[in-house]
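Everything on this sheet refers to the single structure shown next.
Convention: sequence-line order gives letters A, B, ...; per-chain numbering from 1.
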Number of protein chains: 2
Amino acid sequence: MATGRTHRPATRSRGIPEATVARLPLYLRALTALSERSVPTVSSEELAAAAGVNSAKLRKDFSYLGSYGTRGVGYDVEYLVYQISRELGLTQDWPIVMVGIGNLGAALANYGGFASRGFRVAALIDADPAMVGKPVAGIAVQFIDDLERIIDENGVSIGVIATPAGAAQQVCDRLVAAGVTSILNFAPTVLSVPDGVDVRKVDLSIELQILAFHEQRKAGEDNGAPADAGGPVAPPVAARTPVADPAAATTAAGAQGDGRNGPDGDMPAVMPA
Amino acid sequence: MATGRTHRPATRSRGIPEATVARLPLYLRALTALSERSVPTVSSEELAAAAGVNSAKLRKDFSYLGSYGTRGVGYDVEYLVYQISRELGLTQDWPIVMVGIGNLGAALANYGGFASRGFRVAALIDADPAMVGKPVAGIAVQFIDDLERIIDENGVSIGVIATPAGAAQQVCDRLVAAGVTSILNFAPTVLSVPDGVDVRKVDLSIELQILAFHEQRKAGEDNGAPADAGGPVAPPVAARTPVADPAAATTAAGAQGDGRNGPDGDMPAVMPA
DNA sequence: CCGTGTGAAGAACTTCACAGCC
DNA sequence: GGCTGTGAAGTTCTTCACACGG
């Protein structure tokens, strides 16, 4: 019976569960909408519906923050907006840098959701000299050589990577070396970072694959076609599967032609410096 | 546990844990990279490192799929690629429609990760007449009035919503009515759908907010001093409740980390330089 | 030996249901 | 009465550790 867990002793004193933290932005968004409509208070039931969760979960989540509700009444919208904002750290200004201003990077830069939540795009950075100086979302793109200086001068601690997969790790390393300690990664690669640096990733194709899994299962149910277009998923033409053959005894399978360089190429790029 | 055929042991054909499903695309990506390098086999340890999870978890995950490994040796890369692809439903062709071809929609349409995984963009749809006919990622944008026809003719069951928040629910309703049963939602809104329809959402700003939460904690650990740039915007609403929690030191470890960050530093660099 | 595959222990998260307070 | 806040029960996910087979 080894009782010795030498890994991270449970300090469960004041920690907010990760699952709860992940839902706070959801509550915040719903509350902001209510606030804009000048709704003074909400019940857990109403707010839960607006946020797309169930009320017991919401009450439990809020209980980790403190007792901000009033029994028999509900929660004060404004007060809760403030408390959650504070808890999430959104009452301060977070300058961020975005590296890789291709299609996706540009879309992100134009996305209003950042600015409206306490995030400020301090710089857009790309490795393509042709991009440098071009305004994207009203901000001139800067060259990647200046990355360290930019981070330093702006006190940036959060970086967004929207480069092609091949460049992501290098960019990540430079960000971390320059002092960034939180990274949001849109490149389809696993980044390795030292302890103390947080990485969150958003992989567009992964979400679709998860949907496909469930979709396939629906089609395979004993009964199908709840509506119309269901059926056996009819794949009329082509459907050249990108995967290997079942039996495929051959381990050979040398690089199947395929001039691709990397699983997903797109976006102009930040290439090795 | 009968050691017999590895084909669908009755007990679990019905239940691959959701958490496992969510990781299968990760494994698939890592395996595809290995496959392109003609690596014949991998151990759970190596593959886990490449996918950014720990090996026990990976073995457990694979055990739900069946016994596809060889004790003392590891897993056959090609075979696993096929098995996972099949399990995820990627061995078939999934036509998808994307609604809302703005900045983000265009970026998604150009994203190579979809096409390379069995997904085929059957149509790009927008409500702006000015967009109609314009080619995006080589496909002419179609008008939203044709949505139902397009879905029907192409047997589409998966839709992607990249419209502004205000339009998302309406688009969603039309998609569902037309037969779509899986939706990937990029609009910052909670969609309500009937039973039987799956919705997954990707909210860019939520991820940043989660990072900010952890970032704030880091800053608060050492110094009592406020992080850096920008002073606290704190517009106090009501009395500040002493729910503080300086100690923290949560077990969070949040994000992608599984605790283990390659002690060896560099992991197989997947990408050719 | 090796590394897979897996019961079992443990941790995290969700849901229940009701006490407590307005 | 109505609704919050929360112990406790229930569920899902993760980690451990070792038997098993190549």
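Of the inter-residue distances, the one linking Thr91(B) atom OG1 with Gln83(B) atom CD reads 10.0 Å to the nearest 0.5 angstrom.
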Quick tally for nucleotides 2-9 of chain D: nucleotides whose base has a protein heavy atom under 4.0 Å get B, sugar-phosphate-only ones S, the rest -, giving BBBBBBB-
Anything under 3.5 Å between a protein N or O and an N or O of nucleotides 10-13 of chain D, put it in a table, one pair a line.
residue : atom : partner  : partner atom : Å
dC13(D) : OP1  : Ala19(B) : N            : 3.4

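Between the Gln169(A) side chain and the Ser192(A) main chain, a donor and an acceptor come within less than 3.5 Å of each other. Listed for the Ser35(A) side chain is no donor-acceptor partner under 3.5 Å among the backbone atoms of Leu31(A).
Side-chain contact between Val190(A) and Arg29(B) is present, with at least one heavy-atom pair separated by less than 4.5 Å. The shortest distance between side-chain heavy atoms of Arg117(A) and Trp94(A) does not fall below 4.5 Å.
Atom CG of Leu58(A) is separated from atom C1' of dT15(C) by 14 Å (rounded to the nearest Å). Residue Lys57(B) contributes atom NZ, which lies 17 Å from atom C1' of dT6(C) at whole-angstrom precision. Leu47(B) places its CG atom 13 Å from the C1' atom of dG3(C), with the value rounded to the nearest Å.
Proximity of the aromatic rings of Tyr68(A) and Tyr79(A) is defined here by a centroid distance below 6.0 angstrom, and this criterion is met.
For the pair Asn54(A) and dT14(C), the criterion of a side-chain N or O lying under 4.0 Å from OP1 or OP2 is not met.
Residues satisfying the salt bridge (Lys or Arg N to Asp or Glu O under 4.0 Å) test with Arg71(B), not counting sequence neighbours, are none.
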Do Ser44(A) and Arg59(A) pass the side-chain hydrogen bond (donor to acceptor under 3.5 Å, both in side chains) test, and can you show the C-alpha distance, the side-chain angles, and the key distance before you say yes or no? CA-CA 6 Å; Ser44(A) 62; Arg59(A) 288 200 302 279; 3.1 Å; yes
